[in-house]
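Just so it is clear, the values below take in all heavy atoms, side chains as well, and ignore hydrogens, waters and symmetry mates. So you know, we letter chains A, B, ... as the sequences are listed, proteins then strands, and number each from 1.
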Amino acid sequence: MRPARPDLAPRPGLSRDEMESLQRRVAETAVFADDLPFDSAAVSLASPETEHQTLAEATALDADADSPPLVAGIDQSFLDDRALSAVVVLRGGEVVERAHVVSDLELPYIPGLLSFREGGPILDALAELDCDPDLLVFDGSGRIHFRQAGLATHLGVVCDAPSIGVAKSLLCGTPDEDVDGRPEGWRTPIRADDSVDAVGGHPAGSETTIGYAFQSRQYDSRPVVNPLYVSPGHRLSAATTVDLVSRLSGSYKLPEPTRLADAYADEAKAQYED
DNA sequence: GCGACAG
DNA sequence: ATCTTGTCGC
């Protein structure tokens, strides 16, 4: 898939101030409301065959009118100063395409500036795809970010595609309720706090919900599982974002697109280890 | 100055 | 993110 807004793409060579101002522009461009070219209820892990479709229809790279949306999971693994960016695309419960690329990293990890370290490599991996995903699921935050422009928001805006951020820990914001030891399916809003900047069109008062803590999985008499922190990337409301992550969750803590991309990133990594 | 911080 | 053995249980 091709960047719709290459002018907003994260470039590693910028100064810290330039990176932060670019993030403010990204946040102003982002749409934190549902603007989907498909019905969110059509997103599921159900095998297309059980949804009355032939395997040929389900795996065709050209999306025909009523086939389930293409959902891409993106994750990375690392080798010294290189990143392996992996993408796995699902249609229903079936993997229809995978792609990966290895790139040199130009920046260290800096909280709040993750997209400038990993964004370029990820866009390169997305460019390798033959298909055009309807939804992008990133490993990291979207709107749950100091300037409301985390990795999922930044890349969602650059691609102008609906996107979601799924993080394993909270970058900023405050959960409405205590998140410890909650049952499967439980969720609570993450509200903007003093560390979250207001953005034109996107206020950040303490009443603003920027994401959700979501307990996707909980096992019996096993170490307590922490919740996921999901947030809208682009063209999605916080409520629909949790709903979609819930629909994409299988038997594991991470939603299936992310889990598969994670496994693929590790699998492909072995081929580049010296 | 102090604390907090996705991957 | 990554470095890593064993251990419990379905």
If we ignore angles and hydrogens, is there a donor and acceptor under 3.5 Å between the side chains of Gln215(A) and Arg182(A)? no
Using a 4.0 Å heavy-atom cut-off, does Tyr229(A) contact any base of the nucleic acid, only the sugar-phosphate backbone, or nothing at all? nothing
Pairs where residues 255-264 of chain A contributes a residue and the test salt bridge (Lys or Arg N to Asp or Glu O under 4.0 Å) is met, not counting sequence neighbours: Glu256(A)-Arg259(A)
Would you give me the side-chain donor-acceptor pairs under 3.5 Å for residues 222-229 of chain A, sequence neighbours excluded?
none

I'd like to check Cys172(A) versus Ser195(A) (side-chain heavy atoms, cut-off strictly below 4.5 Å). Are they in contact? yes
Just the dot-bracket of DNA chain B, please: which string comes out with Watson-Crick or G-U pairs under 3.5 Å, [ ] for crossing, | for another strand? .......
Going 5' to 3' along DNA chain C, between which two nucleotides do contacts with chain A fall, using a heavy-atom cut-off of 4.0 Å? dA1(C) to dG9(C)
Give Ser77(A) one of three labels, base, sugar-phosphate or nothing, depending on what nucleic acid heavy atoms sit under 4.0 Å from its own. sugar-phosphate
For Lys269(A) and Arg222(A), take the nucleotide of DNA chain C holding the closest heavy atom to each; which residue's nucleotide lies nearer the 5' end? Lys269(A)
We want to know whether Ser237(A) and Asp34(A) form a side-chain donor-acceptor pair, criterion being a heavy-atom distance below 3.5 angstrom. yes
Any chance CG of Asp178(A) has more than 12 other-residue heavy atoms, nucleotides or ligands included, within less than 6.0 Å? yes
Looking only at side-chain N and O atoms, does Ser249(A) offer a donor or acceptor that is under 3.5 Å from a partner on Ser246(A)? no
For DNA chain B, find the residues of residues 245-252 of chain A with a heavy-atom distance under 4.0 Å and give them by number; none if there aren't any. none
I would like to know whether Phe138(A) and His234(A) meet ring-ring contact (aromatic ring centres under 6.0 Å, His included); could you show each step before the answer? CA-CA 11 Å; Phe138(A) 293 98; His234(A) 182 43; over 10 Å; no
If only side-chain N and O atoms count, and only distance matters, is there a donor-acceptor pair under 3.5 Å linking Thr258(A) with Asp139(A)? no
Looking just at side-chain N and O atoms, do Ser21(A) and Glu18(A) make a donor-acceptor pair shorter than 3.5 Å? no
Identify the residue among Leu170(A), Leu171(A), Ile210(A) that makes a side-chain contact (heavy atoms from CB on, under 4.5 Å) with Ser141(A). Leu171(A)
Categorize Ser169(A) for me: base, sugar-phosphate, or nothing, with a 4.0 angstrom heavy-atom threshold over every strand shown. sugar-phosphate
Test Tyr264(A) against every option in Val87(A), Val88(A), Asp75(A) by the side-chain contact (heavy atoms from CB on, under 4.5 Å) rule and name the one that passes. Val88(A)
Which is the 5'-most and which the 3'-most nucleotide of DNA chain B that has an atom under 4.0 Å from a heavy atom of chain A? dC5(B) to dG7(B)
For Arg82(A), does the CZ atom have more than 12 heavy-atom neighbours from other residues, nucleotides or ligands under 6.0 Å away? yes
Have a look at Tyr109(A) and say if it touches a base, only the backbone sugar-phosphate, or nothing, with a 4.0 Å heavy-atom cut-off. base
